[in-house]
Engineer: 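This is the structure, below, for whatever I ask next.
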Amino acid sequence: MPPSTDAPTFSAALAEQLRRDASRPLVTFYDDATAERVELSVATYANWVAKTAGLLQDELGLERGGTVLVDLPTHWLGPAWLGAAWTVGLSVTTDPADAATADLVVCGPDGVGRRATGDVPVVALSLLPMAARFATPLPDGVLDYGVVVWGQPDGFVPLDAPTGDDLAWHEGPRGATQSELLVAARAATTGTPGTRLLTDANPCSAAGVESLLGPLLAGGGTVWVAHPDPAQWEHHARTEQATAQLLV
């Protein structure tokens, strides 16, 4: 059966939100352990997605239908990597069993040692403020995201545009297409336009993907909290005017 080109895609959903309100906050991130706070508007988020997609396609040579293993903690760059992967037409997995067959592994500093095996290309993120580079050299064959991403264009054009029927997420035998992820996320936010979600869910997890897509489609945004301090939770909720909460 040929792909249904009218099925929704992540790129189309993001483009629609850019047309509606490019300046609204979409991605907000707190790290209660370091007091870091980052906020990205829809436009700024789309810029990070475009730059990262350019890295994936034009520098690393990944193609639609490939797989990227994402091994990241809760962080504002997680949603950027999800969006970039889907913009290229890649499927995301977090299953360590897929490490040997993935086309690329993306990890934070804690994952460099276990992921830099030489079998699969690795992009490592320092997770330092402003997506800065690592302070010390990385192993041979591991790309420093903080070095390579800044030279990528602010716009992105896929060589082979994905469709809604492209696989977008899988863990073991379970999988979902871009269309299925978007339809499920839209159904979960029906009747709640402008959702402002406060959550400790890792966006790069099976439980966390909807924490990005639901508010995006609802014309709202998400506040992710890493290392949540229970004493700060209600403060975050008031400060960020959260309309919904998800604790995992």
Side-chain angles (χ1 to χ4, degrees), residues 10 29 31 33 48-49 52-53 55-57 59-128 131 133-134 136-149 162 166-178 180-181 184-185 199-213 222 224-228 246-248:
F10 172 81
F29 170 71
D31 187 336
W48 279 100
V49 167
T52 306
L55 172 65
L56 288 168
Q57 174 183 276
E59 187 154 337
L60 296 174
L62 271 69
E63 299 178 349
R64 176 185 167 205
T67 295
V68 55
L69 171 63
V70 178
D71 179 12
L72 293 174
T74 302
H75 194 267
W76 65 269
L77 281 169
W81 272 92
L82 291 179
W86 297 332
T87 298
V88 175
L90 305 177
S91 176
V92 176
T93 181
T94 59
D95 190 343
D98 294 325
T101 57
D103 298 289
L104 177 71
V105 171
V106 178
C107 66
D110 292 344
V112 172
R114 66 177 177 271
R115 299 302 182 195
T117 63
D119 299 326
V120 177
V122 176
V123 175
L125 284 63
S126 71
L127 306 181
L128 294 171
R133 66 180 64 193
F134 280 82
T136 57
L138 291 169
D140 290 343
V142 178
L143 283 179
D144 186 337
Y145 179 75
V147 173
V148 295
V149 71
D166 286 338
L167 189 65
W169 182 273
H170 70 275
E171 286 187 357
R174 297 179 302 164
T177 65
Q178 291 201 24
E180 288 169 339
L181 288 180
T199 183
D200 64 347
N202 184 338
C204 297
S205 69
V209 168
E210 195 171 287
S211 69
L212 166 65
L213 296 179
T222 307
W224 284 279
V225 182
H227 309 112
L246 171 64
L247 287 165
V248 297

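Both backbone and side-chain heavy atoms feed into the values below; hydrogens, waters and symmetry mates do not.
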Engineer: Roughly how far, to the nearest 0.5 Å, is OG1 of Thr177 from CG of Asp166?
Structural biologist: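 It is 8.5 Å, given to the nearest 0.5 Å.
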Engineer: Which atoms form the tightest heavy-atom contact between Leu104 and Pro121, and what is the distance?
Structural biologist: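 Minimum heavy-atom contact is CD1-O, 3.4 Å.
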Engineer: Distance check, rounded to the nearest 0.5 Å: Leu77 atom CG versus Leu125 atom CG?
Structural biologist: 5.5 Å
Engineer: Any idea which heavy atoms bring Ala201 and Trp224 closest together, and the distance?
Structural biologist: O-CD1, 3.0 Å
Engineer: Within a 6.0 Å radius of atom CD on Glu59, are there more than 12 heavy atoms belonging to other residues, nucleotides or ligands?
Structural biologist: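 Correct, the count exceeds 12.
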Engineer: Mind checking what makes ring pair (Phe, Tyr, Trp, His ring centres under 6.0 Å) contact with Trp81, not counting sequence neighbours?
Structural biologist: Tyr145
Engineer: Are side-chain heavy atoms of Leu82 and Cys204 found at a separation under 4.5 Å?
Structural biologist: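 When only atoms from C-beta onward are counted, Cys204 and Leu82 do touch, with a gap below 4.5 Å.
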Engineer: Side chain of Gln178, backbone of Trp86: donor and acceptor closer than 3.5 Å?
Structural biologist: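 Flag set: sc Gln178 to bb Trp86 pair under 3.5 Å.
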Engineer: Hey, could you give me the CG/CG distance between Leu127 and Asp31, rounded to the nearest 0.5 Å?
Structural biologist: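 Answer rounded to 0.5 Å: 9.5 Å.
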Engineer: I'd like to check Thr222 versus Leu212 (side-chain heavy atoms, cut-off strictly below 4.5 Å). Are they in contact?
Structural biologist: no
Engineer: Given 3.5 Å as the limit, does a donor-acceptor pair link the side chain of Asp144 with the main chain of Phe134, or not?
Structural biologist: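 Between the backbone of Phe134 and the side chain of Asp144 there is a qualifying donor-acceptor contact (under 3.5 Å).
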Engineer: Shortest non-hydrogen contact from Val88 to Leu62?
Structural biologist: CG1-O, 4.1 Å
Engineer: Do you know which two heavy atoms are closest between Val92 and Ala85, and how far apart they sit?
Structural biologist: CG2-CB, 3.6 Å
Engineer: Would you name the heavy atoms of Gly78 and Leu72 that are closest together and state the gap between them?
Structural biologist: CA-CD1, 4.2 Å
Engineer: If only atom types and distance count, is the side chain of Asp95 paired as donor or acceptor with the main-chain N or O of His170 below 3.5 Å?
Structural biologist: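 Flag not set: sc Asp95 to bb His170 has no pair under 3.5 Å.
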Engineer: Suppose we screen for side chain to side chain contact (heavy atoms under 4.5 Å, CB included). Which residues come up paired with Pro228, at least two apart in sequence or across chains?
Structural biologist: Asp32, Asp200, Val225, Trp233
Engineer: Can you run down the side chain to side chain donor-acceptor pair (under 3.5 Å) pairs that involve residues 66-77, sequence neighbours left out, and say none if there aren't any?
Structural biologist: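 Applying side chain to side chain donor-acceptor pair (under 3.5 Å) to every pair that reaches into residues 66-77, excluding sequence neighbours, yields Asp71-Arg114, Asp71-Arg115.
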Engineer: Please identify each residue that fulfils side chain to side chain contact (heavy atoms under 4.5 Å, CB included) with Asp110, with sequence neighbours left out.
Structural biologist: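 Applying side chain to side chain contact (heavy atoms under 4.5 Å, CB included) to Asp110 gives none.
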Engineer: Please report the shortest heavy-atom distance between Pro162 and Gly89, naming the atom on each side.
Structural biologist: CB-CA, 3.6 Å
Engineer: With a 4.5 Å cut-off on side-chain heavy atoms, are Phe10 and Leu181 touching?
Structural biologist: no
Engineer: When you look at Ser205 and Thr94, which way does the side chain to side chain contact (heavy atoms under 4.5 Å, CB included) test go after all the steps?
Structural biologist: CA-CA 7 Å; Ser205 69; Thr94 59; 5.7 Å; no
Engineer: Tell me which pairs pass salt bridge (Lys or Arg N to Asp or Glu O under 4.0 Å) where either residue lies in residues 74-92, with sequence neighbours left out.
Structural biologist: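 Checked against salt bridge (Lys or Arg N to Asp or Glu O under 4.0 Å) - neighbours excluded - no pair reaches residues 74-92.
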Engineer: If the condition is side chain to side chain contact (heavy atoms under 4.5 Å, CB included), which residues does Leu143 pass it with, not counting sequence neighbours?
Structural biologist: Leu60, Val123, Val148
Engineer: Under the side chain to side chain contact (heavy atoms under 4.5 Å, CB included) rule, what do Val122 and Val112 come out as? Steps first, then yes or no, please.
Structural biologist: CA-CA 8 Å; Val122 176; Val112 172; 6.0 Å; no
